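Scroll down for the structure; my scribbles are underneath it.
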Amino acid sequence: MANVEFDNVTKVFDTGSNTIVAVEELDLEIKDGEFIVFVGPSGCGKSTTLRMAAGLESITDGELRIDGQRVNNVSPKDRDIAMVFQSYALYPHKTVRGNMGYGLGLSTDLTNEEINSRVEEAAEMMGIEDLLDKKPGSLSGGQQQRVATGRAIVREPEVFLFDEPLSNLDAKLRKHMRTELSRIHSELGITTIYVTHDQEEAMTMSDRIVILNGGALQQVGEPKEVYYQPTNLFVADFIGSPSMNFLDVELDGGNRLINDGSFDFQVSDEFVDTLKSVSDSTQFTFGVRPENIRIDENIADSKAVKTTVEVVEVIGSDNFIYLDLDGKEFRVRSPSYIEPEEGEVVTITFDEEAIHLFDANTREALVHGTVTHESDEMPTPAKGKHDRAVSD
Ligand code: ATP
């Protein structure tokens, strides 16, 4: 096992006609045994970062260390890492046993017997003992994924690298494999770097999530931390599905958040004090998550916001309700018994603990409820959709 340090690592691609900064000054220390997941939109630099860790991509600037050793110029085979790709990259003419043992045969002095015993152990761990004599072409996507992971396990590497390993599987199998990979990680405790598009995968599997945008690190934190205390508007928007709702607001002379339309919401003196302790501005971007909005006709005017129902999507246990608030779409996640009519005017409200305010210019987070962004304190989880009687 090993820790992995990106020390001011930059990757620039020069295509001749232009230069692309794929990763910019990345500083990140991944602890020994940690499960780290990189997420971010397409082209944000996730795969490039992983490929630099694997040694498949050169590093333009900065230093990469594995267990304290600079590895910038160490070839992939000498890095003691094992990588699992989205495409599984299995040899079609070899059996599962052959695929799993092949790398070991090349890179170690182990006897055939020792290789076989490692292969069988890994196959047992992945639940594929009965597939050992089959060829990849006769396996399902999920089985091939297990073989690819098993092949990485037999290497007993210092670091596992996964590049979107589950994206070719259907939703149900993906969920199942998530659990399997988490179990393997707890059993082996090997430092793991995992790249995915899927934020649900990131939230459920990781010890810490790394969010990238345009090659730049946005936030590193535990799943709850990035969800409840997003460092900026990008993270707030990216993490969570449906995503957070945003609105440009200002703080009036007192303690009301207003916009130039129908939004007018009174917050407490404590909230205003917290906000003023971190910002001199009166202009903010307001954010609230869909599950923290309640449709409630009995709410006091000072905390009521009138909206019009555009669409109601029934998804089973919950409804997603799309509202129009001064021409902006507001998404609400409600229990399924809240089913307003399309076109109906409804009153929404939320607790101030659920409010996020961002600087209107820098887009950096200022407060999460009554806690400043800099505070170590986690915001009190706001009352959710199921915590209160809701009238409709
Ligand atoms: P995706 O989720 O779509 O795979 P990603 O976050 O993994 O995206 P990267 O593949 O790391 O993103 O790409 C980061 C940036 O570097 C993109 O702008 C991409 O076009 C560029 N890039 C990646 N590889 C090369 C290359 N070999 N030559 C030129 N540009 C490249």
Side-chain angles (χ1 to χ4, degrees), residues 4-28 30 35-64 66 71-73 75-76 79 81-89 141 144-145 148-149 152 159-171 174 177-178 181 191-206 208-221 223 226 230-241 243:
V4 179
E5 291 165 275
F6 291 86
D7 188 350
N8 218 16
V9 167
T10 293
K11 173 67 189 181
V12 180
F13 288 107
D14 192 346
T15 60
S17 51
N18 60 344
T19 51
I20 297 159
V21 183
V23 178
E24 195 177 2
E25 299 179 357
L26 176 64
D27 270 323
L28 175 68
I30 300 169
F35 197 123
I36 282 274
V37 179
F38 278 79
V39 282
S42 188
C44 71
K46 306 180 291 290
S47 296
T48 303
T49 306
L50 197 75
R51 289 170 60 79
M52 286 192 287
L56 299 173
E57 210 66 80
S58 65
I59 292 170
T60 311
D61 216 343
E63 192 165 283
L64 176 67
I66 299 182
V71 294
N72 290 40
N73 301 316
S75 74
R79 287 195 185 193
I81 45 118
M83 188 153 172
V84 179
F85 299 91
Q86 180 178 351
S87 62
Y88 316 134
Q144 291 187 43
Q145 206 289 329
T149 307
V159 183
F160 274 138
L161 304 175
F162 287 96
D163 194 359
E164 308 229 19
L166 307 184
S167 46
N168 289 341
L169 306 180
D170 67 44
R174 214 160 50 222
M177 284 309 297
R178 254 192 237 160
L181 292 180
T191 312
T192 300
I193 310 178
Y194 188 105
V195 162
T196 181
H197 270 101
D198 183 337
Q199 50 150 312
E200 206 176 300
E201 230 166 82
M203 294 295 277
T204 51
M205 295 173 84
S206 67
R208 283 189 302 160
I209 298 182
V210 179
I211 298 140
L212 296 180
N213 186 29
L217 180 66
Q218 303 294 307
Q219 187 168 10
V220 187
V226 299
T231 193
N232 57 29
L233 222 133
F234 176 82
V235 176
D237 192 26
F238 190 78
I239 299 288
S241 176
S243 55

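All values reported here derive from a predicted model rather than from experimental measurement. Counting convention: from 1, in listed order, for ligands and their atoms alike.
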Take every heavy atom of Pro41, measure it against each atom of ligand 1, and state whether any distance is under 4.0 Å.
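Yes, that is the case, since the closest heavy atom of the residue is under 4.0 Å from the ligand.
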Glu200 vs Arg178 side-chain heavy atoms within contact, under 4.5 Å
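They are in contact (side-chain heavy atoms under 4.5 Å apart), so the answer is yes.
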Hey, are the side chains of Phe6 and Val23 touching, using non-hydrogen atoms and a 4.5 Å cut-off?
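No. Closest side-chain heavy atoms not under 4.5 Å.
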Is a donor on one side and an acceptor on the other found under 3.5 Å between the side chain of [X] and the backbone of [Y]?
X	Y	value
Thr19	Asp14	no
Asn213	Ala216	no
Asn72	Gly62	yes
Thr204	Glu201	yes
Asp27	Asn8	yes

By number and element, which atoms of ligand 1 are closer than 4.0 Å to a non-hydrogen atom of [X]?
X	answer
Ala22	14 (C), 15 (C), 16 (O)
Thr48	9 (P), 11 (O), 13 (O), 14 (C)
Thr15	29 (C)

Candidate with minimal heavy-atom separation from atom 2 (O) of ligand 1, of Lys46, Met52, Glu57:
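Nearest option to atom 2 (O) of ligand 1, by heavy atoms: Lys46.
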The one among Cys44, Ser42, Ser167, Ser47 that brings a heavy atom closest to atom 10 (O) of ligand 1:
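Looking at heavy atoms only, Ser47 sits closest to atom 10 (O) of ligand 1.
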Return yes or no for this condition: an N or O of [X] is under 3.5 Å from an N or O of ligand 1.
X	value
Gly43	yes
His197	yes
Gly45	yes

Atom 29 (C) of ligand 1 protein-contacted (non-hydrogen atom, under 4.0 angstrom)
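Under 4.0 Å from atom 29 (C) of ligand 1, at least one protein heavy atom found.
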Aromatic rings Phe238 and Phe234: how do their planes relate, parallel, tilted or perpendicular, breaks at 30° and 60°?
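The arrangement is parallel - the two ring planes meet at less than 30°.
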Minimal non-hydrogen separation, Val84 against Thr149, with atom names:
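Residues Val84 and Thr149, closest heavy atoms: CG2-CA, 4.1 Å.
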Which residue owns the protein heavy atom closest to atom 18 (O) of ligand 1, what's the atom, and how far is it?
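Heavy-atom neighbour on the protein nearest atom 18 (O) of ligand 1: Ile20 CG2, 3.8 Å.
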Quick one: nearest non-hydrogen protein atom to atom 27 (N) of ligand 1, plus distance?
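Heavy-atom neighbour on the protein nearest atom 27 (N) of ligand 1: Phe13 CE2, 3.5 Å.
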Side chain, backbone, both or neither: which applies to Arg51 and ligand 1 if a contact is any heavy-atom pair less than 4.0 Å apart?
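For Arg51, there is no contact with ligand 1 at all, from either part.
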